[in-house]
Each structure stands twice: as structure tokens, then as C-alpha cells.
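This report concerns only the one structure given below.
Given the structure is predicted, the values throughout are model-derived calculations rather than measurements.
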Protein chains: 2
Amino acid sequence: MKLTEARQQFISSWGAFGTHWGINRTMAQIHALLLVSPEALTQDDIMEELNISRGNTNMNIRELINWGLVERVLITGERKEFFTAEKDIWKVVKQIVKERKKRELEPMLHLLDRLEAVEGDKKDKQVKTFVDTISSIKKLGRQADKTLDTMIKAEESWFVGALMKVFK
Amino acid sequence: MKLTEARQQFISSWGAFGTHWGINRTMAQIHALLLVSPEALTQDDIMEELNISRGNTNMNIRELINWGLVERVLITGERKEFFTAEKDIWKVVKQIVKERKKRELEPMLHLLDRLEAVEGDKKDKQVKTFVDTISSIKKLGRQADKTLDTMIKAEESWFVGALMKVFK
DNA sequence: ATATATTTTCAATAATTTTTGAAATTTCGG
DNA sequence: CCGAAATTTCAAAAATTATTGAAAATATAT
């Protein structure tokens with residue numbers, strides 16, 4: 001397989017992959033393109049490579065920057081802005097975990113705290129089932145939260161080694 | 001907070017939560033409803049509680065069954081079908097992990113295998129960056145794959161205890 | 001300061017996904 | 001086997017989400 005074809009396949013699959021995880025196709029594709037690009041790219045480069053509009057490109061680049069996955073690069077002598085993606089995949093994964101934890105897991109845990117305090121007699125089956133479900137989700141959620149916190153701080157080499165001893 | 005309100009909030013939040021993870025709102029809501037229902041429900045119960053059409057209800061129940069999160073229950077003397085959700089959240093999580101691994105992670109790893117074999121000189125920066133990126137994603141993906149396999153087999157109590165020793 | 005290049009915004013449009021509801025099919029008791 | 005109940009299907013409609021492109025805002029060189 002030729003490089004051009006391989007790159008295209010990777011970009012397109014990464015985009016499809018993203019849509020299964022609540023990330024829009026274009027955002028994932030821009031990320032993929034930057035991941036396989038040795039040099040930083042401009043908005044125009046990205047527009048051209050992916051055949052997308054200026055507005056779309058701009059919005060999704062900014063979103064990637066918000067996620068901490070892409071950053072602006074200043075190149076001396078160049079007027080345009082250049083963009084580059086973090087290439088260390090372990091860092092990328094940690095960054096995504098960190099953001100999703102903050103955006104989704106933490107608010108969910110706060111909601112569960114409030115819902116657990118529902119009024120009513122635990123002898124009522126409806127109440128019991130509700131409280132039990134909420135509590136068990138909360139328990140697992142808290143566990144996940146702590147585990148992910150530790151993972152975010154970990155080094156990849158440590159992670160791979162240590163985790164494999166446990167999950168033998 | 002009253003039970004009715006709490007249930008509604010849980011169902012609606014679980015639905016919103018799902019949309020961030022590539023799961024459609026209704027499917028997540030039906031799942032939430034069944035999670036907090038002590039008894040198995042019929043299609044009509046679900047339609048009424050969530051105010052959704054028969055077709056929608058039916059399709060999403062079947063999808064939940066495909067995911068292994070909901071099952072049909074036969075109730076003697078009743079003609080209608082009843083549905084119930086697995087209440088053990090650890091089992092639910094393992095089931096979701098198992099399915100997503102099969103549906104997404106494994107196909108992605110196969111793609112990466114093929115893409116890694118791209119033609120071209122590794123002295124070419126484009127080629128080198130492409131191959132390095134693909135390789136490192138693959139490496140981490142394989143690691144995740146193994147780790148998840150072990151997790152799928154694990155007991156919750158074991159998981160919580162043992163993992164916490166590592167992630168101290 | 002001005003002209004020009006570049007980036008950003010956002011209302012309109014397009015594409016995609018979800019939902020409906022009625023018809024077709026299946027199931028099951030009698 | 002018949003008829004009613006229940007389930008399933010799926011084309012059309014609605015809702016949601018993504019994309020465009022042109023205008024506005026901003027930045028920079030001279």
C-alpha cells in the first residue's frame with residue numbers, strides 16, 4: 001500500500017471511529033491528519049487535504065485546542081498560524097481521559113449524590129430499586145474516578161508494566 | 001426530592017450521557033428506566049413512561065438485547081413480552097466493554113496492522129511519521145485490548161481491591 | 001494609517017440520525 | 001385453523017447535528 005492511500009484510510013477510519021465516541025467526524029479527521037503530519041500545518045493545508053470549508057476547519061481546530069490535543073505553533077517569518085498535534089499517544093489518551101472525566105464523569109457523580117437522597121420508604125420496592133441502582137452506579141463511578149486520576153498521573157512505561165502484573 | 005422526579009432526572013440524564021458516548025438518547029433512556037424498575041416491563045409500559053412510539057421502543061429494546069444489556073422475560077399467564085435489565089452494574093460495564101472491544105477496538109487493530117505495512121523509505125519524513133504514529137497507536141491499543149480481556153473476566157470485588165493496590 | 005492577509009463568527013443550508021405510525025407479519029389462545 | 005393480540009418493519013417526517021461561505025473582526029507588514 002502506498003503512503004497516500006494509507007494516510008487516507010487512516011484519516012477516514014479515525015473519523016468513523018470518532019463518531020462512535022461522540023466526537024464529530026471532521027474533528028477526528030483533523031486530529032488524524034495532524035498525527036501523521038511531520039510538520040505543523042496551516043488551516044489552508046487542512047482545508048485542502050480534507051476538502052472541508054474554512055469555517056468548519058477553524059471551528060474544529062479550536063475545539064481540538066480546547067481538548068488539549070492540538071496546539072498553535074508560531075513559525076518565524078510566517079504570517080499564518082500553524083497547528084500541530086501531540087504525537088505521544090499515551091499523552092493523548094491521558095488528555096482525553098482527563099477531559100471526559102471532567103466533562104462527564106464528575107457531573108454524573110454529582111447528580112447521583114443528589115438522586116441518592118430521594119425521599120421515601122426503602123420498604124417500597126420502587127424506592128429500594130432506585131436507591132440501590134443509584135448507589136451501585138455511584139460506587140463504581142467513584143472507583144473509576146480514582147483509578148483514572150492515578151492513571152492520568154502515570155507514565156506509560158509504568159502503566160504497561162505495573163498493570164500487566166495485576167492483570168496477569 | 002420525590003421518587004417520581006428523581007427517576008425522571010436519572011432517565012433524562014442517563015439519556016444525555018449516552019449521546020456523548022455514541023449511544024442514542026432513547027436507547028439509554030430505556031436502559032435507565034429498566035435499571036430503576038423492580039419488575040420487568042412491557043413495550044407498552046416503556047412507551048407510556050417515556051412517551052415514545054411503538055416502533056422506536058421496539059427497535060431500541062432489540063438493540064439493547066443485542067448489546068446483552070436487556071433480556072426478555074417470560075411471565076406465565078401473560079401473553080405480552082416483558083423486559084428487564086441486568087442490575088449488577090459491574091456486569092453491565094463488563095458487557096459494554098466486551099461489545100465495544102469487539103465492535104471497535106478489534107477492527108481498528110486489524111486496520112492498523114495493514115496500515116503499518118505501508119511501502120516507502122523510512123528516511124522519508126512523511127513515511128517515518130506515519131509508521132511511528134500507527135505503531136504507537138497499535139502498541140497502546142494491544143495493551144488496552146489485553147487489559148480489557150482480563151477485566152472482562154474479573155470479579156468486581158477483585159477488581160476494586162487489586163487495582164487499588166496498584167493505583168495506590 | 002492603510003491595505004492586505006488571516007482568522008473568526010454565524011445564519012442559512014445540507015447531511016445525518018432519530019422517530020413516528022400504519023401496514024405487514026408473527027404469535028398464541030381457544 | 002381462526003381471529004385477536006402482540007410484535008416487527010420500514011418509508012416518510014421530524015429533529016438534530018454538521019457544514020458552508022460570506023461578512024465581520026482581527027492582525028500584520030509596509
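Listed nucleotides dC10(D), dT18(C), dT6(C) differ in distance to Asn24(B); the shortest reach to its side chain belongs to dT18(C). Each of dT7(C), dT8(D), dT19(D) was ranked by its minimum atom distance to the side chain of Asn58(A); first place goes to dT7(C). In this structure, of dT7(C), dT17(D), dT20(C), it is dT20(C) that holds the atom nearest to the side chain of Ser53(B).
Comparing Asn51(A) and Phe82(B) against DNA chain D, the residue whose closest nucleotide sits nearer the 5' end is Phe82(B). Judged by closest nucleotide on DNA chain C, Arg62(A) is the one of Arg62(A) and Thr19(A) placed further toward the 5' end.
As a whole-Å value, the separation of Phe83(B) CZ from dA6(D) C1' is 10 Å. Computed from coordinates, the Ile46(A) CD1 to dT6(C) P distance equals 15 Å when rounded to whole Å. Whole-Å rounding puts the Met27(B) CE to dT16(D) P distance at 19 Å. Atom CG in Leu74(B) sits roughly 15 Å away from atom P in dA6(D) (whole-Å rounding). Spacing between atom CE of Met59(B) and atom P of dT20(C) amounts to 12 Å, rounded to whole angstrom units. Look at CD on Glu78(B): it is 14 Å from C1' on dG29(C), rounded to the nearest Å. For Leu50(B) and dT18(C), the CG to P distance is 16 Å, given to the nearest whole Å. Separating the CD1 atom of Ile23(A) from the P atom of dT17(D) is a distance of 15 Å, rounded to the nearest angstrom.
Taking the ring axis of Trp14(A) as reference, the NZ or CZ atom of Arg25(A) does not stay both within 45° of it and closer than 6.0 Å to the ring centre. Figure legend: Arg100(A) and Trp21(A) shown without cation-pi pairing, the cationic atom not lying both under 6.0 angstrom from the six-membered ring centre and within 45 degrees of its axis.
Defined by atom type and a distance below 3.5 Å, a donor-acceptor pair is missing between the side-chain atoms of Ser12(A) and Gln29(A). For the residue pair Asp132(A) and Thr129(A), no side-chain donor N or O sits within less than 3.5 Å of a side-chain acceptor on the partner.
The residues Lys102(A) and Glu99(A) are annotated as salt-bridged, a charged nitrogen and a carboxylate oxygen being separated by less than 4.0 angstrom.
One can find a donor-acceptor pair under 3.5 Å joining the base of dA5(D) and the side-chain atoms of Arg79(B).
For dT7(C), the OP1/OP2 oxygens have no side-chain nitrogen or oxygen of Arg72(A) closer than 4.0 Å. When the side-chain nitrogen and oxygen atoms of Thr26(A) are compared with OP1 and OP2 of dT19(D), one or more of them lie within a distance under 4.0 Å.
Residue Asn56(B) is in base contact, counting any heavy-atom pair closer than 4.0 Å across all strands shown. Contact annotation for Arg54(A): base contact, defined as any heavy-atom pair under 4.0 Å involving a base atom.
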